[in-house]
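Structure record follows, encoded as structure tokens.
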Amino acid sequence: MLCKTGLLIVSNPNKIGKILSKIQNNVKNTLYIQLLSTLSDPLGNFYPNLYNSWPKYSQTIFGIYSQAATHCKDLDVRVLLSGLKYNVAKIKTSQPIDLVIFDKTHSTTNMDNFITNRIENFSKNCNVLTLDSGDFEAPAISSNEGDKIFKHSVLGGTFDRLHIAHKLLLSEAALRSSDQVTVGVTEENMLQTKTLWELIEPIEVRTEKVADFLHDVCSDLKYEIVPINDPYGPSINDPGMGLIVVSQETLKGAEKINEIRKQKNLQPLEVKLIELIDEPNPNPIEEAKISSSTHRIRLLGTVINPIKNNEKIPQKPYIIGLTGGIASGKTNISKNLKELGAEIINCDLIAHDVYKAGKPTFDKMVEHFGQSIIGEDGEIDRKKVGPIVFKDPRELEALNNIVWPGIEKEVQEIINQSKSQVIVIEAAVLFNAGWERNCHEVWTTVVPRSEAIERLKSRNQMSEEQAKNRIESQPKNTDYVNKSNVVFCTLWPFEYTKQQVIKAWELLQNRIPS
Ligand SMILES: CC(=O)SCCNC(=O)CCNC(=O)[C@H](O)C(C)(C)COP(=O)(O)OP(=O)(O)OC[C@H]1O[C@@H](n2cnc3c(N)ncnc32)[C@H](O)[C@@H]1OP(=O)(O)O
């Protein structure tokens with residue numbers, strides 16, 4: 001039985017790992033978790049007096065999310081807080097529950113009554129499952145220290161691809177607040193030093209996900225979710241805020257906020273530090289703790305933007321456009337794809353061929369740029385053309401207008417004669433030329449701008465200025481990424497590029513027409 005949305009009713013949180021390890025077989029998308037404590041119902045034997053203030057649940061919630069990080073990688077896990085904080089009559093969830101899982105064996109009548117009377121939003125065909133976790137163990141509870149409740153808490157972050165560590169920070173703020181939580185979400189100017197920042201979701205999406213999560217797990221508070229373009233946001237001005245929730249990484253920011261608050265004669269915020277959760281299986285280029293950058297690294301090679309059916313070209317052969325800025329590693333990716341069985345068409349090489357002496361394009365180039373671009377061997381000297389076009393956008397446009405039609409025609413001829421199943425058109429400025437119209441999918445590769453400059457200086461012996469001119473003559477990484485279906489990054493050792501390409505190739509096999 002595999003359902004979309006599950007609700008796990010937990011009376012024995014210390015044993016939850018045992019249940020979570022099995023739950024991915026039964027729940028596909030979202031798993032809500034309700035601790036059975038203050039819900040006074042026939043099944044509610046959760047030692048209700050164990051907790052007498054909300055923050056005491058903090059450690060239990062941390063334990064649940066840590067277990068979920070290990071066992072439920074592909075599930076959106078949400079520990080519900082309202083039932084812990086208030087004496088609510090019903091369990092509220094934004095998504096209808098298709099499966100209720102109990103961690104303890106109960107009578108059918110009790111379970112049916114529970115679903116009908118205590119769950120607000122369940123689907124018509126709601127199923128029931130019992131995964132008995134065994135003998136009860138009293139959960140760990142937080143000490144009294146730091147168990148204060150605050151009227152208004154604050155926290156900030158990027159919140160890219162909302163993950164378990166974000167959920168912990170947000171839950172902690174909701175758990176310790178009686179009225180309001182303010183969340184600062186970073187704007188683009190704060191992102192650019194982050195690994196694969198080009199893959200960070202737009203601020204609207206990140207804001208929406210934070211709001212959706214908070215309203216879902218605790219609908220009783222007021223939430224203010226605001227864009228921030230510095231590390232402080234409203235926390236340095238609001239006299240009503242009492243608590244800031246931070247991770248080890250943002251602790252320094254909180255200290256700075258309190259310095260500024262003191263200067264402004266505002267009460268310093270109490271700081272609640274949340275431990276980082278370890279990434280279950282990091283590889284050497286990923287972070288040891290659960291992080292958005294690891295998540296982004298794992299997206300490399302997968303489909304990040306949906307593939308639209310291109311009806312203007314035949315279904316076979318399957319055409320992939322491979323693009324990306326200068327020195328972003330296209331050639332290495334092509335080499336890997338060739339080893340896996342793709343046919344590669346390198347448009348740079350075709351360009352060089354298209355304006356060979358004696359060909360019509362040669363004459364057009366000389367007519368436009370003058371005799372001085374002809375080298376001693378009678379061929380066009382590319383080293384002379386490059387500096388002209390890469391420092392003047394009008395000259396580059398002129399060159400493109402002269403050469404691109406010939407390249408496109410030549411590429412088409414190769415495709416028409418090919419017997420290959422998959423053809424990769426490698427073209428640095430594929431989107432500028434509009435050649436996505438000739439492809440079923442577009443794959444792109446990125447490296448940070450600083451890395452591209454270094455590569456051009458050492459690989460092509462370019463000066464810093466020449467390197468920057470080349471980079472500026474091409475679209476930005478974000479433009480490439482936003483228009484591409486699959487993204488690679490060649491920043492790390494070759495084996496990691498290869499892993500991304502193999503992943504992309506294997507996933508491709510499932511979607512190309514047989
Ligand atoms: C639509 C396409 O993407 S086709 C492939 C790109 N080629 C073209 O557009 C043809 C016009 N360009 C040329 O003829 C040559 O690149 C010249 C004469 C300008 C310069 O020659 P060279 O200095 O020998 O450079 P070369 O051809 O090896 O290309 C070097 C880099 O310039 C960049 N480049 C080439 N053409 C262009 C262009 N039209 N616009 C922006 N960048 C370009 C590429 O990024 C390439 O590096 P990469 O392979 O690491 O991505």
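Numbering of ligands and ligand atoms starts at 1, following listing order. A quick note: this is a predicted structure, and the numbers were derived from the prediction, not measured.
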Do [X] and ligand 1 have an N or O pair less than 3.5 Å apart?
X    : value
E426 : no
S328 : no
A428 : yes
V385 : no

Does the [X] side chain pair with the main chain of [Y], one donor and one acceptor, at a distance under 3.5 Å?
X    : Y    : answer
Q461 : S458 : yes
T186 : I228 : no
N305 : V481 : yes
S66  : F62  : yes
E451 : P448 : no

Using heavy atoms and a threshold below 4.0 Å, how should the contact between [X] and ligand 1 be classified: side chain, backbone, both, or neither?
X    : value
T323 : neither
A433 : side chain
L430 : backbone
A351 : side chain
M462 : neither
L399 : side chain

For [atom], grab the closest protein heavy atom and report residue, atom and distance to one decimal in Å.
atom                    : value
atom 33 (C) of ligand 1 : Q474 NE2, 3.4 Å
atom 27 (O) of ligand 1 : H352 NE2, 2.8 Å
atom 3 (O) of ligand 1  : V429 N, 2.7 Å
atom 39 (N) of ligand 1 : N400 OD1, 2.8 Å
atom 24 (O) of ligand 1 : R382 NE, 2.8 Å
atom 47 (O) of ligand 1 : I326 CG1, 3.4 Å
atom 48 (P) of ligand 1 : K330 NZ, 3.6 Å
atom 23 (O) of ligand 1 : R470 NH2, 3.2 Å

- Heavy-atom distance to atom 14 (O) of ligand 1: which of W404, F431, F390, Y355 wins?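 Ranked by closest heavy atom to atom 14 (O) of ligand 1, first place is Y355.
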- Task: Using heavy-atom distances, let me know which of L456, D348, D381 sits nearest atom 5 (C) of ligand 1.
- Result: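 Going through L456, D348, D381 one by one, D348 has the nearest heavy atom to atom 5 (C) of ligand 1.
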- Task: Please confirm whether E408 comes under 4.0 Å of ligand 1, counting heavy atoms of the residue only.
- Result: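 Checking ligand 1 against E408, which is what was asked, there is no heavy-atom contact under 4.0 Å.
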- Task: Could you tell me whether ligand 1 has any atom less than 4.0 Å away from a heavy atom of E395?
- Result: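 Outside the 4.0 Å threshold, so no.
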- Aromatic ring pairing H166/H163, orientation class (parallel under 30°, perpendicular over 60°, tilted between):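 The rings of H166 and H163 lie parallel, inter-plane angle below 30°.
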Would you say the side-chain atoms of [X] and [Y] include a donor-acceptor pair closer than 3.5 Å?
X    : Y    : value
N485 : E441 : no
T30  : T5   : no
R78  : S94  : no

At a 4.0 Å threshold, what atoms of ligand 1 neighbour a non-hydrogen atom of [X]?
X    : result
W435 : 1 (C), 2 (C), 4 (S)
R459 : 50 (O)
A327 : 50 (O)
C347 : 4 (S), 5 (C)

- Task: Tell me, please, which residues at least two apart from H440 pass ring pair (Phe, Tyr, Trp, His ring centres under 6.0 Å).
- Result: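 Once residues adjacent in sequence are excluded, the partners of H440 under the ring pair (Phe, Tyr, Trp, His ring centres under 6.0 Å) criterion are Y318.
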- With sequence neighbours excluded, tell me which residues meet ring pair (Phe, Tyr, Trp, His ring centres under 6.0 Å) with H215.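 Counting only residues at least two positions away or on another chain, H215 forms a ring pair (Phe, Tyr, Trp, His ring centres under 6.0 Å) with Y223.
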- May I ask you to check whether over 12 heavy atoms, not counting those of K457, lie within 6.0 Å of atom NZ?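 Atom NZ in K457 is packed in, count exceeds 12.
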- Message: Checking contacts now, so for atom 51 (O) of ligand 1, which I'm interested in, is there any protein heavy atom under 4.0 Å?
- Response: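 Yes, there is one.
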Any Lys/Arg nitrogen of [X] or [Y] sitting under 4.0 Å from an Asp/Glu carboxylate oxygen of the other?
X    : Y    : result
E397 : R394 : no
K338 : E426 : no
D216 : K167 : no

- Item | The single option from R206, R296, K209 passing salt bridge (Lys or Arg N to Asp or Glu O under 4.0 Å) against E201 |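 Among R206, R296, K209, the one meeting salt bridge (Lys or Arg N to Asp or Glu O under 4.0 Å) with E201 is K209.
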